[in-house]
Asks: 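Before anything else, here's the structure in question.
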Amino acid sequence: MPAVEVTWWGHSTASIRHDGTHLLTDPLLTERVAHLTRRRGAAPRGLVPDAVVVSHLHHDHLHLPSLRRLPAGTVVVLPVGGAGLLSSLDVEAIEVAAGDQVRVGAVTVEAVRAVHDGRRHPGSSWSGPALGYVIAGRARTWFVGDSGPADLLGADVGTTDVVLVPVGGWGPVSRRSVRGQHLGPREAADLAERVHASMAVPVHYGTMWPSGMRAKQSFHSPGQEFAGLCPQAHVLAPGESATWRASPS
């Protein structure tokens, strides 16, 4: 019977285990990144994925110090235009655009569209498309990546069994600089319903927060609000796992 196990490590980092294949999303394996400090959950150690998928080039998603902690030769699937950022690392970089597929172990990883700023940072010459990924084997899991709300979001995905969906950010999603760039709990719940997901795991909230800034209720509230809006929600603390299993036919 098909099963998918998801372990959330905080922020957008999760282990997805499909049919004996372990994929790691947007690895952030340190206590700090730039001005952000981990406020909940310990940084994961000793992860040995079969491959990594990176949604976009922002420093808290394509995090070079974290990628250095993975075993030599790790396969890193990332948006086209970003492989040069990994030139100093001992990894196997595979660039993809929406619609491209990569075979990893027993599953196929397909890049799909997201709606988000794909630059490394404002003004950076490093740029690529923001992506999500559909992991397909005997089940289907969609890692949405970072995205704002849009009618096209999920149009190239189809029905999924499990969705890992962002519900917040490291600060208020209403900030002018990120307006339209992130889903909130309501948009995330609507998206899970749109793809008929049986299990929805909220990510990208309640982990990283600016150093020296007091964490407000908005630090934790996106996951709680999402749970109240999405009957399929499985809200995890960092390091916790949830397993989806197909119903017996």
Side-chain angles (χ1 to χ4, degrees), residues 1-29 41-55 61-63 66-67 69-78 91-92 94 96 100-112 114 131-146 157-167 188 192 195-207 223 226 230 232-249:
M1 183 168 59
V4 177
E5 182 186 78
V6 175
T7 304
W8 184 47
W9 301 111
H11 205 52
S12 283
T13 306
S15 291
I16 303 172
R17 290 178 170 85
H18 261 249
D19 299 340
T21 301
H22 175 194
L23 295 173
L24 185 64
T25 66
D26 287 357
L28 187 54
L29 311 180
R45 305 281 182 181
L47 297 177
V48 184
D50 293 295
V52 164
V53 294
V54 172
S55 62
H61 295 263
L62 178 60
H63 188 234
S66 293
L67 292 174
R69 297 188 175 201
L70 298 175
T74 296
V75 172
V76 179
V77 181
L78 78 166
V91 298
E92 180 184 347
I94 300 177
V96 293
D100 290 343
Q101 296 184 352
V102 177
R103 188 72 179 178
V104 180
V107 301
T108 297
V109 178
E110 180 178 358
V112 294
L131 300 171
Y133 296 93
V134 173
I135 301 146
R138 295 185 298 163
R140 288 173 58 82
T141 295
W142 180 20
F143 170 57
V144 178
D146 256 13
V157 171
T159 298
T160 66
D161 300 299
V162 179
V163 61
L164 282 71
V165 60
V167 300
V195 296
H196 308 289
S198 301
M199 186 172 88
V201 178
V203 301
H204 204 269
Y205 79 102
T207 311
F226 178 74
C230 179
Q232 293 77 33
H234 284 247
V235 178
L236 304 176
E240 286 187 342
S241 302
T243 301
W244 172 88
R245 288 185 173 85
S247 301
S249 56

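Excluded from the calculations below are hydrogen atoms, water molecules and symmetry mates; all remaining heavy atoms, backbone and side chain alike, are included.
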Asks: Would you compute the distance between atom CH2 of Trp244 and atom NE2 of His18 and round it to the nearest 0.5 angstrom?
Replies: 8.0 Å
Asks: Quick check for you: to the nearest 0.5 Å, what is the distance between Leu78 atom CG and Leu62 atom CG?
Replies: 6.5 Å
Asks: Output all residues satisfying side-chain hydrogen bond (donor to acceptor under 3.5 Å, both in side chains) with Thr160, sequence neighbours left out; order by chain, then residue number.
Replies: none
Asks: Scan residues 6-17 for pairs that pass salt bridge (Lys or Arg N to Asp or Glu O under 4.0 Å), counting only residues two or more places apart or in two chains.
Replies: Glu5-Arg17
Asks: Any idea which heavy atoms bring Leu47 and Leu70 closest together, and the distance?
Replies: O-CD2, 3.8 Å
Asks: Take Val203 and Leu236 through the test side-chain contact (heavy atoms from CB on, under 4.5 Å) and record every step on the way to the result.
Replies: CA-CA 9 Å; Val203 301; Leu236 304 176; over 6 Å; no
Asks: Taking all heavy atoms of Pro71 and all of Val48, pick out the closest pair and write down the distance.
Replies: CG-CG1, 3.9 Å
Asks: Could you work out, with ring pair (Phe, Tyr, Trp, His ring centres under 6.0 Å) as the rule, every residue matching His61, not counting sequence neighbours?
Replies: His11, His56, His204
Asks: Mind checking the OG1-CZ spacing from Thr108 to Arg140? Nearest 0.5 Å is all I need.
Replies: 10.0 Å
Asks: Could you tell me if the side chain of Pro27 sits less than 4.5 Å from the side chain of His63, heavy atoms only?
Replies: no
Asks: Quick one: list whatever passes salt bridge (Lys or Arg N to Asp or Glu O under 4.0 Å) with Asp19, sequence neighbours left out.
Replies: Arg138
Asks: Identify the two heavy atoms, one from Gly145 and one from Pro166, that lie closest to each other, and give their separation to 0.1 Å.
Replies: O-CG, 3.1 Å
Asks: Please report the shortest heavy-atom distance between Thr21 and Ala106, naming the atom on each side.
Replies: OG1-N, 3.0 Å
Asks: Taking Thr74 for the side chain and Ala72 for the main chain, is one N or O donor matched with an acceptor at less than 3.5 Å?
Replies: no
Asks: Looking only at non-hydrogen atoms, find the nearest pair between Val104 and Leu23 and report the distance.
Replies: CG1-CD2, 3.9 Å
Asks: What heavy-atom pair brings Ser15 and Trp9 nearest, and what distance separates the two atoms?
Replies: OG-NE1, 2.9 Å
Asks: Once you round to the nearest 0.5 Å, how far does CG of Leu67 lie from CG of Leu28?
Replies: 10.0 Å
Asks: Who pairs with Trp8 by side-chain hydrogen bond (donor to acceptor under 3.5 Å, both in side chains), at least two apart in sequence or on another chain?
Replies: none
Asks: Rounded to the nearest 0.5 Å, how far apart are OG1 of Thr25 and CD1 of Ile135?
Replies: 8.0 Å
Asks: Side chains of Thr141 and Asp161: does their closest heavy-atom pair fall under 4.5 Å?
Replies: no
Asks: Test side-chain hydrogen bond (donor to acceptor under 3.5 Å, both in side chains) on Asp26 and Ser55; report intermediate values, then the result.
Replies: CA-CA 7 Å; Asp26 287 357; Ser55 62; 2.7 Å; yes
Asks: Flag the pair Val165 / Phe226 as yes when at least one side-chain heavy-atom distance between them is below 4.5 Å, and no otherwise.
Replies: yes
Asks: Can you list everything that forms a side-chain contact (heavy atoms from CB on, under 4.5 Å) with Ala43? Sequence neighbours excluded, please.
Replies: Glu31, Arg38
Asks: Any heavy-atom pair between the side chains of Asp50 and Val75 that's under 4.5 Å?
Replies: no
Asks: Going from NE2 on His234 to OG on Ser198, what distance comes out if it is rounded to the nearest 0.5 angstrom?
Replies: 9.0 Å
